[in-house]
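Report on the following structure.
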Number of protein chains: 2
Amino acid sequence: MTTSGALPRRRRDAAQTRLDLLDVARRRFAHDGYAATTVRHIADEAGVNVALISRYFTSKEGLFQACLTDAVTDVGRGTDDLGHGEIAARLARRLSDTPGKIEPGENRLRDGLLLLVRTSGDERIDDLRRDFLRALSEKVAVKTGNTIDESTLLRAQILLAAVLGMVLLRSTLGIQPLSAAGEDELRQPLADLIDALLGTRGHDRR
Amino acid sequence: MTTSGALPRRRRDAAQTRLDLLDVARRRFAHDGYAATTVRHIADEAGVNVALISRYFTSKEGLFQACLTDAVTDVGRGTDDLGHGEIAARLARRLSDTPGKIEPGENRLRDGLLLLVRTSGDERIDDLRRDFLRALSEKVAVKTGNTIDESTLLRAQILLAAVLGMVLLRSTLGIQPLSAAGEDELRQPLADLIDALLGTRGHDRR
DNA sequence: ATAATAAGTCAGCAAGCGTTTACTTCTAGC
DNA sequence: GCTAGAAGTAAACGCTTGCTGACTTATTAT
């Protein structure tokens with residue numbers, strides 16, 4: 001059993017509490033949106049006092065920005081190491097909820113993508129998001145073997161919009177059969193989508 | 001000029017005030033989300049007192065539900081009269097902001113679609129949304145000349161997710177070139193998208 | 001062991017929220 | 001013209017929000 005193992009785990013660990021807060025905040029911001037999420041709920045779920053949010057992140061917006069920054073590096077890292085043909089398969093696998101784990105709602109990639117679509121009203125945070133999405137669409141264009149002219153960029157962004165829309169519908173509405181679709185069901189449609197928008201025999205055959 | 005025309009326009013018109021409130025609320029709910037929108041802002045922008053929202057719609061949630069119901073009939077009506085091939089063209093035209101009008105932000109279809117993605121936390125209102133999206137995806141499947149098995153339904157919902165994602169990115173982030181793309185730029189990518197997901201030579205050629 | 005400091009808690013603030021109640025002003029029917 | 005009732009307003013209500021300052025408790029170094 002897991003009762004009273006060997007790990008000491010200091011009862012007061014600032015770095016760990018910071019991470020706990022980030023973890024809870026990311027999930028709640030992603031699922032409920034910025035305005036609907038309260039700092040008290042975050043603190044309660046993390047098991048710490050509200051005041052620590054102000055201490056570690058200055059403000060609610062500071063915490064949100066920290067979540068977004070983390071999400072950006074997370075999502076960015078996930079796109080570094082993909083080959084040319086396997087994009088759809090990887091995407092399908094990583095979008096279907098928690099391939100290995102038992103817990104139903106623990107998927108950092110999904111929550112990170114959701115965060116990209118949530119807004120706090122602060123224009124400077126939105127700039128962050130914009131810059132990252134722009135960069136991401138360029139990376140997608142390149143990874144699919146395209147040049148990055150305006151037309152291709154537009155198509156890459158439509159692909160991103162599709163993925164974001166799928167994640168949003170799956171996690172906030174629960175519409176069927178989309179929400180229950182697993183890796184196997186998602187792979188082929190995603191492949192078709194990518195091929196149609198950015199595939200080799202796609203948009204250039206005019 | 002339009003100064004002091006012939007129309008009398010009673011200074012007190014309950015039905016008209018109700019419509020004004022609905023109009024403002026729809027826009028603000030769609031753009032800022034449910035939690036970030038306050039009844040006072042809505043009332044101020046509509047030029048009436050806050051108490052009237054409670055009178056005409058019982059509560060903030062009542063107003064939101066009324067907006068959503070309107071949006072559902074709006075979006076639903078827009079999909080009734082489309083032929084088989086022109087779907088992409090129509091979609092491109094109606095998604096690009098206000099084809100005819102001068103005003104920049106007046107597009108009922110866009111706001112209606114956005115509302116489908118905004119949630120108030122009330123599960124019964126979410127049911128409304130789910131049912132409509134389900135019906136809409138079935139209609140899309142049929143309009144594209146498909147049967148409505150689970151696989152096709154999934155693909156229709158992915159298409160809907162793509163459209164919703166595009167609308168969301170265009171109106172809340174302003175990422176380029178997606179946000180500035182007009183009818184002409186959107187038509188072909190949308191056509192490719194639809195064809196790949198639900199087209200005749202698409203998903204059945206296994 | 002003890003002092004210094006980091007980590008965490010507590011209680012309360014000012015402001016904003018959705019909602020309601022009592023009131024005023026306009027409109028329509030006689 | 002007068003009046004009943006509809007349409008709209010003003011002000012306050014109880015509550016929640018994000019945030020803060022004074023306080024307590026654990027940790028670490030000497």
Side-chain angles (χ1 to χ4, degrees), chain A residues 4 7-68 118-125, chain B residues 7-29 31-68 118-125:
Chain A
S4 72
L7 70 166
R9 271 296 287 276
R10 305 156 57 182
R11 294 190 300 174
R12 290 188 168 186
D13 185 337
Q16 185 57 50
T17 349
R18 226 192 87 105
L19 288 181
D20 290 346
L21 282 172
L22 268 176
D23 210 54
V24 174
R26 163 196 282 249
R27 271 203 307 274
R28 297 202 73 114
F29 280 143
H31 270 83
D32 306 335
Y34 179 81
T37 303
T38 75
V39 289
R40 266 174 245 258
H41 285 150
I42 295 175
D44 286 356
E45 192 175 328
V48 299
N49 193 273
V50 211
L52 292 187
I53 289 183
S54 299
R55 193 206 289 283
Y56 293 143
F57 303 97
T58 317
S59 65
K60 182 187 180 184
E61 271 199 330
L63 174 57
F64 181 69
Q65 172 156 7
C67 290
L68 194 65
R118 305 297 194 182
T119 185
S120 75
D122 185 321
E123 194 57 36
R124 286 174 304 181
I125 301 185
Chain B
L7 70 165
R9 272 297 288 277
R10 305 155 55 183
R11 294 190 298 174
R12 290 190 171 186
D13 185 336
Q16 184 58 48
T17 318
R18 228 191 85 104
L19 288 182
D20 291 347
L21 281 172
L22 269 176
D23 210 53
V24 174
R26 163 196 283 248
R27 270 203 307 274
R28 296 201 74 114
F29 280 142
H31 272 82
D32 305 334
Y34 179 81
T37 304
T38 75
V39 289
R40 267 174 246 260
H41 285 149
I42 295 175
D44 286 356
E45 192 174 326
V48 300
N49 192 275
V50 210
L52 293 187
I53 289 183
S54 298
R55 195 207 289 282
Y56 293 143
F57 302 97
T58 316
S59 66
K60 183 190 181 183
E61 271 198 331
L63 174 57
F64 182 69
Q65 172 156 6
C67 290
L68 194 64
R118 304 298 190 182
T119 185
S120 76
D122 185 322
E123 194 57 34
R124 286 175 302 181
I125 301 186

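Letters go in sequence order (proteins before strands), and every chain restarts at 1.
The side-chain hydrogen bond (donor to acceptor under 3.5 Å, both in side chains) test applied to B:Thr38 returns B:His41, not counting sequence neighbours. Take A:Tyr56 and apply the ring pair (Phe, Tyr, Trp, His ring centres under 6.0 Å) test, not counting sequence neighbours, and it matches no residue. For A:Phe64, the ring pair (Phe, Tyr, Trp, His ring centres under 6.0 Å) partners two or more places apart in sequence, or in a different chain, are A:Phe29, A:Tyr34. Partners of B:Thr17 under the side-chain hydrogen bond (donor to acceptor under 3.5 Å, both in side chains) rule, at least two apart in sequence or in another chain, do not exist in this structure.
Rounded to whole Å, atom P of D:dG18 lies 15 Å from atom CZ of A:Phe57. Rounded to whole Å, atom P of D:dA7 lies 13 Å from atom CG of B:Leu21. The CZ-P distance, from A:Arg28 to D:dT17, rounds to 11 Å in whole Å. If you take CD of A:Gln16 and C1' of D:dT27, they are 17 Å apart, rounded to a whole angstrom. With rounding to whole Å, B:Asp13 atom CG is found 7 Å from D:dG8 atom P. Rounded to whole Å, the distance from CD1 on A:Ile42 to C1' on D:dT17 is 13 Å. Regarding A:Phe29, its CZ atom lies at a distance of 11 Å from the C1' atom of D:dG18, rounded to whole Å.
Taking both residues in full, the closest heavy atoms of B:Ser120 and B:Glu61 are given as OG-OE2, 3.4 Å, listed atom of the first, atom of the second, then distance. In terms of heavy-atom proximity, B:Ala43 sits nearest to B:Leu21 at CA-CD2, 4.3 Å. When all heavy atoms are compared, the tightest approach of A:Arg28 to A:Ile42 is CD-CG1, 4.4 Å.
Contacts between residues 59-68 of chain A and DNA chain C, defined by a heavy-atom separation below 4.0 Å, involve no residue at all.
Using a 4.0 Å heavy-atom cutoff across all strands shown, B:Thr38 reaches sugar-phosphate atoms only and no base atom.
Side-chain contact between A:Val50 and A:Asp44: absent, with no pair of heavy atoms (C-beta onward) separated by less than 4.5 Å.
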Using a cutoff of under 3.5 Å, can you pull out all pairs of nitrogen or oxygen atoms linking the protein to nucleotides 9-12 of chain D, with atom names and distances?
unit_1 : atom_1 : unit_2  : atom_2 : d
D:dT9  : OP2    : B:Asn49 : N      : 2.8
D:dA10 : N7     : B:Asn49 : ND2    : 3.4

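Listed pair A:Thr17 / C:dA7 fails the phosphate criterion, with no side-chain N or O lying under 4.0 Å from OP1 or OP2.
Where B:Ile53 and A:Tyr56 meet DNA chain C, the nucleotide closest to each residue was compared, and A:Tyr56 sits on the side nearer the 5' end.
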### Task
For B:Asp23 and B:Arg27, run salt bridge (charged side-chain N to carboxylate O under 4.0 Å, His left out): C-alpha distance rounded to whole Å, both residues' side-chain angles, the deciding distance at 0.1 Å, then the answer.
CA-CA 7 Å; B:Asp23 210 53; B:Arg27 270 203 307 274; 3.4 Å; yes
